[in-house]
Amino acid sequence: MAQHDQGLEGVAAGRQGHQGPPGAPIADGPTLATTPGDGRMGAHRSGQQPGQLVPERCDEARRAAQDLVVGHLQSVSQHRAHRRPPSGTYHRRDPDRRPESDGPYRPPAAWDVRACRGSGPGRPVPATYNRVMTDIRVRIAPSPTGPLHIGTARTALFNFLFARHVGGTFVLRLEDTDRARSSIAYEKEIVDGLHWLGLRWDEGPDIAGGPDRGAYGPYRQMQRLGLYKGAARRLLEADLAYPCYCTPAELDAERRRQETAHLQPRYSGRCAHLTPAERAAFEAEGRRPAIRFRIEAGPVAFDDLIRGRVEIDAANLGGDLVIVRADGTPLYHFTVVVDDAAMRISHVIRGEDHLSNTPKHILLFRALGQPVPLFAHLPLILNPDRTKMSKRKSQTAIGDYIAQGFIREGLDNYLALLGWSSGSEEEVLSLDELVERFDLAAVNRAGAIFDRERLEWLNGQWIRRLAPDELVERLGPFLEAERIAGRIDRVPSDVELRVLMPIVQERLPLLGAIGDLVGFLFVDELRYEPALLVPKRWDRATALAGLAAARAVIADVGRVSYEADELEPPLRRLAGERGWKAGDLFMAIRVALTGRTATPPLFDTMVALGHGRTLARLDRAVALLGDAA
RNA sequence: GCCCCCAUCGUCUAGAGGCCUAGGACGCCACCCUUUCAAGGUGGAGACCAGGGGUUCGAAUCCCCUUGGGGGCACCA
């Protein structure tokens, strides 16, 4: 019992109570609950569950954390004052829990109070997140079984924003126990992707395949096998888990039978009470056992930081849970708990798809005698049809967005706004600004459809905000790609490119659109439909005359100098003299020079093209129109 | 099937009982600017706050029910 109490205190009060060296965690700890009644279900019967955040516990936790941080609070700016009344005037909506007669409202610790939010109506959280150094630890734990998914990136971002906001530690852990599907190539893609997003972690592998950094390593699960083995053995010794000899085929058949009978799929518990003799018989058969964790019926509750109190009966968890495969490798629900405990993770911030799995994890934490972290389940990112975002229906790989020319600033900004809002009407926010304003309690509960239009807009906003030199640098790979694809004949130098920035920057929604925008400058020979040379109000003869006359004017201007300012007046004069609309003349010239009807401003384009090439393209257009006659 | 979560313009959202004849942004439409395209500016259409009951002097907001949507129920993560 004491272990659990200590554990709770440890979580709630910033884990002040945690003893022992990092990395010497649960497998050797004296903390393993030794009887089922103590470590697991017994508490339900007494009505007061150790290690569980019941409201009374929350208050305790809050008080403890208040004491811890109250000294720092005075110096901290109330940057959220615009959203919530300043301390002292704040009214809780639940009068039982915070009577007004309690005196002036004292802001609680940044995070512990959220554990209580489910216990009152509404969203009772005052949320003054203050920059108090704590040992708040969060992690992102991707599995290198595929490219970096947009949902993983968003979860990573939220963990990062939270950690940075509260001065906590952000950990990267690779969950690579699915050996069949994991690969170093995916590991690289994920690590690189997270780096690209600008999310820096304090602990974890820095480069794919590379060494770890941090006191709680290793940070790849396949290098932590001994830890899981030890934890599993202790669970077995305490009879909180048992060997299961059912084969996958048998289990499959069982599940099918249940489904046809309209029962909920659940493990029957066939191997739960085997005698030593029966086990020996299976072993003699050559069967290798998996290890199952006992799950007994009874409510398991937790206070989700985003959703409030969630209570699920363990009877609905599908029966005893396999934690170690027959081949000895551990399974996700087990490793995640063992590692979160060993790495002293204080807040588990993850997708809502894990909400129903959380009771399993809580039971495992308790069985291992470990403090239960706080949970925050983020709303899912959705396909347009409101199902969970998937590869089939949406573009999910961050790499694809990078390849199209979305930039880090735009993607971070967009992803942060998917499920969270700052509460102000400012929406274009840098990573630093996001960190400054981020608030877990302000995260939405409903899923959000991924809206590419909005992402593109935000991306354009950020491209416009980039320093021109920076934009030039980022454009490099995209121009190279254009060349490789044969859409341009040469890649311009940075100096050439830099000159173009004033006309390019505000016209670029994506870096990948650069070829479309100014590719005509870097091709040797333009290919276009000659009919395009004839503006709507003109006929072919007029176009021919217009281009020839313009050619003469431009040739003349170029003799002295060749500047945008000096090109426009004589060409307008020409149009006036001939009775043409200037726009029509300009359009004919535009197509002759670029092959397109939508381009950057014409005179800047002419300068960028250079005098000689401008004349040559005009000549060619005239020839083209002549031929067509 | 069982369990859990969710519900404000097409989309992302603001909203913390009276500041709401519901605000902002994307997208859409119109106009201004203008050599095209963008960008920018101005204006507009667009949400009886899923429906129904309560509580209250007063409900988008609190409670209940219904409906709808989603997620989870693996020797995947």
Side-chain angles (χ1 to χ4, degrees), chain A residues 83-85 91 93 121-125 141-143 145-146 175-178 180-182 244 246-248 251-252 255 258-259 261-266 290-292 304 307 310-313 315-319 321-327 329 331-333 335-336 351-359 377 379-380 382 384 386-388 414 417-428 444-451 453-458 460 464 503 505-509 517 568 571-572 575 581-587 589-591 594 596-603:
Chain A
R83 290 193 79 184
R84 319 221 192 260
H91 287 224
R93 287 212 253 167
R123 313 181 96 193
V125 181
S143 165
T145 53
E175 309 220 325
D176 54 355
T177 54
D178 185 344
R181 296 193 297 146
S182 295
C244 172
C246 300
T247 63
L251 295 169
D252 216 47
R255 194 170 309 115
Q258 286 163 337
E259 270 163 22
H262 294 298
L263 294 165
Q264 69 168 304
R266 95 178 256 114
I291 299 177
R292 274 188 197 271
D304 191 276
R307 276 147 226 287
V310 176
E311 188 170 319
I312 296 175
D313 196 308
N316 295 312
L317 263 29
L321 177 73
V322 176
I323 56 174
V324 179
R325 294 184 181 90
D327 71 2
T329 54
L331 258 9
Y332 168 75
H333 293 303
T335 58
V336 75
E352 196 199 333
D353 43 355
H354 281 106
L355 192 65
S356 312
N357 290 326
T358 303
H377 287 95
L380 260 19
L382 273 22
R386 304 211 79 95
T387 54
K388 180 164 79 162
Y414 177 71
L417 260 22
L418 212 48
W420 173 77
S421 86
S422 71
S424 76
E425 285 177 358
E426 307 157 88
E427 301 197 296
V428 183
N444 258 139
R445 285 170 287 210
I449 294 174
F450 189 88
D451 180 359
E453 300 271 4
R454 195 170 150 82
L455 169 60
E456 278 195 27
W457 170 75
L458 223 28
R464 269 166 245 139
I503 59 171
Q505 195 151 9
E506 71 189 28
R507 272 164 250 270
L508 215 50
L517 229 200
E568 183 167 355
L571 284 169
R572 280 195 187 278
K581 294 198 101 170
D584 290 334
L585 176 61
F586 294 167
M587 183 54 83
I589 299 171
R590 169 176 295 112
V591 172
T594 69
R596 5 179 96 243
T597 55
T599 69
L602 183 59
F603 307 106

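All values below were derived from every heavy atom in this structure, side-chain atoms included, with hydrogens, water molecules and symmetry-related copies excluded. Chain naming here is simple, since letters A, B, ... match the order of the sequence lines and numbering starts at 1 in each.
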Side chain of Ser356(A) (C-beta onward), nearest among G71(B), A25(B), A77(B):
G71(B)
Classify Thr145(A) by what it touches in the nucleic acid, base, sugar-phosphate, or nothing, heavy-atom distance under 4.0 Å.
nothing
Please determine whether a side-chain nitrogen or oxygen atom of Asn444(A) lies at a distance below 4.0 Å from atom OP1 or OP2 of A7(B).
no
Given the C1' atoms of U66(B) and G10(B), what is the spacing between them in whole Å?
26 Å
Please give, in whole Å, the distance from G72(B) C1' to Leu355(A) CG?
9 Å
Partner nucleotide, any strand, of A59(B) [Watson-Crick/G-U, under 3.5 Å]:
none
Kindly indicate whether the side chain of Arg590(A) and the base of U35(B) share any N or O donor-acceptor pair separated by less than 3.5 Å?
yes
If you compare all heavy atoms of Ala582(A) against all heavy atoms of Arg572(A), which two are closest, and at what distance to 0.1 Å?
CB-NH1, 3.5 Å
Consider the side chain of Arg181(A), meaning its heavy atoms from C-beta on, and name the nucleotide among C76(B), A38(B), C4(B) that approaches it most closely.
C76(B)
Does G70(B) have its OP1 or OP2 closer than 4.0 Å to a side-chain nitrogen or oxygen of Arg445(A)?
no
Mate of G1(B) across any strand shown (Watson-Crick or G-U wobble, both atom pairs under 3.5 Å) is C73(B)
Separation of atom CG in Leu321(A) from atom P in G72(B), rounded to whole Å
16 Å
What's the gap between G41(B) and U34(B) when it is taken at their C1' atoms, as a whole Å value?
13 Å
Between P of C73(B) and CG of Asn357(A), the distance in whole Å
5 Å
Please tell me if Ser421(A) has a side-chain N or O lying less than 4.0 Å from either OP1 or OP2 of A14(B).
yes
How would you label the contact of Pro601(A) with the nucleic acid (heavy atoms, under 4.0 Å): base, sugar-phosphate, or nothing?
base
Once you apply a heavy-atom cut-off of 4.0 Å, does Ile312(A) come out as touching a base, just sugar-phosphate, or nothing?
sugar-phosphate
Arg590(A) to Thr599(A) - nearest heavy-atom pair and separation
NE-OG1, 3.0 Å
Nearest to the Val310(A) side chain among C3(B), G1(B), C5(B), which nucleotide is it?
C5(B)
Check every strand shown and say whether Pro509(A) touches a base, only sugar-phosphate, or nothing at a heavy-atom separation below 4.0 Å.
nothing
Rounded off to whole Å, could you give me the CH2-to-P distance for the Trp457(A) and A38(B) pair?
17 Å
Distance criterion of 3.5 Å, no angle test: do you see the side chain of Glu427(A) paired donor-to-acceptor with the base of G24(B)?
yes
Over 60° means perpendicular and under 30° means parallel, so tell me whether Phe603(A) and Phe586(A) are parallel, tilted or perpendicular.
perpendicular
Looking only at non-hydrogen atoms, find the nearest pair between Arg507(A) and Pro601(A) and report the distance.
NH2-CD, 3.3 Å
Looking for any heavy atom pair under 4.0 Å, which part of the strands does Thr247(A) touch: base, sugar-phosphate only, or nothing?
base
Are any of Ser143(A)'s side-chain N or O atoms less than 4.0 Å away from OP1 or OP2 of C76(B)?
no
So what does Arg596(A) touch, heavy atoms closer than 4.0 Å: a base, only the sugar-phosphate, or nothing?
nothing
Per the atom types in the model, does the base of A39(B) pair as donor or acceptor with the side chain of Arg464(A) at under 3.5 Å?
no
Could you tell me if Arg325(A) and Thr329(A) have a donor-acceptor pair between their side chains, going purely by distance under 3.5 Å?
yes
Side chain of Leu380(A) only, please: which of C26(B), C4(B), G70(B) is the nearest?
G70(B)
May I ask you to evaluate whether Lys388(A) reaches the phosphate of G69(B), defined as a side-chain N or O under 4.0 Å from OP1 or OP2?
no
Counting side-chain heavy atoms from CB outward, which of C12(B), A7(B), U11(B) is closest to Ala448(A)?
C12(B)
Now, which nucleotide makes the Watson-Crick or G-U wobble pair with C9(B), with each of the two distances under 3.5 Å?
none
Could you tell me how far C20(B) sits from C26(B) if I compare only their C1' atoms? Round to whole Å.
23 Å
By the 4.0 Å heavy-atom rule, please label Phe603(A) as base, sugar-phosphate, or nothing.
base
For atom C1', what is the distance between A22(B) and A59(B), given to the nearest Å?
13 Å
Rounded off to whole Å, could you give me the OH-to-P distance for the Tyr414(A) and A25(B) pair?
17 Å
Spacing between Arg386(A) atom CZ and C5(B) atom P, to the nearest angstrom:
19 Å
Counting side-chain heavy atoms from CB outward, which of A74(B), U36(B), U35(B) is closest to Pro265(A)?
A74(B)
With a 4.0 Å cutoff (strictly under), does any side-chain N or O of Arg307(A) reach OP1 or OP2 of A7(B)?
no
What pair of heavy atoms forms the shortest contact from Leu517(A) to Leu508(A), and how long is it?
CD1-CD1, 3.7 Å
Picking from A38(B), C73(B), U35(B), the nucleotide nearest the side-chain atoms of Arg507(A) would be A38(B)
Check whether any side-chain nitrogen or oxygen of Arg266(A) sits under 4.0 Å from OP1 or OP2 of C2(B), and answer yes or no.
no
Could you work out the separation of C62(B) and G17(B) based on their C1' atoms and round it to a whole Å?
8 Å
So, are Arg445(A) and Glu352(A) salt-bridged, with charged N and O less than 4.0 Å apart?
no
Taking only Lys NZ, Arg NE, NH1 and NH2, and the carboxylate oxygens of Asp or Glu, determine whether Glu427(A) and Arg454(A) approach each other closer than 4.0 Å.
yes
Identify the heavy atoms of Val322(A) and Ala290(A) that sit nearest to each other, and give their distance.
CG1-CB, 4.0 Å
Using atom CD of Glu506(A) as one end and atom C1' of A39(B) as the other, report the distance to the nearest whole Å.
4 Å
Please give me the minimum heavy-atom distance between Pro379(A) and Ala446(A), naming the atom from each residue.
CB-O, 3.2 Å
5' priority, RNA chain B, between Pro600(A) and Asp178(A) [closest heavy atom]
Pro600(A)
Indicate, with a heavy-atom threshold strictly under 4.0 Å, whether Ala446(A) touches base, sugar-phosphate, or nothing.
sugar-phosphate
Heavy-atom nearest nucleotide on RNA chain B taken for Val324(A) and for Glu568(A); more 5' hit belongs to Glu568(A)
d(NE2, His333(A); P, G72(B)) in whole Å
11 Å
Taking C12(B) as the reference, what is the distance to G27(B) when you measure between their C1' atoms (whole Å, please)?
11 Å
I'd like the P distance from G23(B) over to G70(B), given in whole Å.
30 Å
For G51(B) versus G68(B), give the span between their P atoms, rounded off to a whole number of Å.
15 Å
Base, sugar-phosphate or nothing for His377(A)? Non-hydrogen atoms, less than 4.0 Å.
nothing
Have a look at Glu311(A) and say if it touches a base, only the backbone sugar-phosphate, or nothing, with a 4.0 Å heavy-atom cut-off.
sugar-phosphate
What's the closest nucleotide to the side chain of Leu251(A) if the choices are C5(B), C75(B), C26(B)?
C75(B)
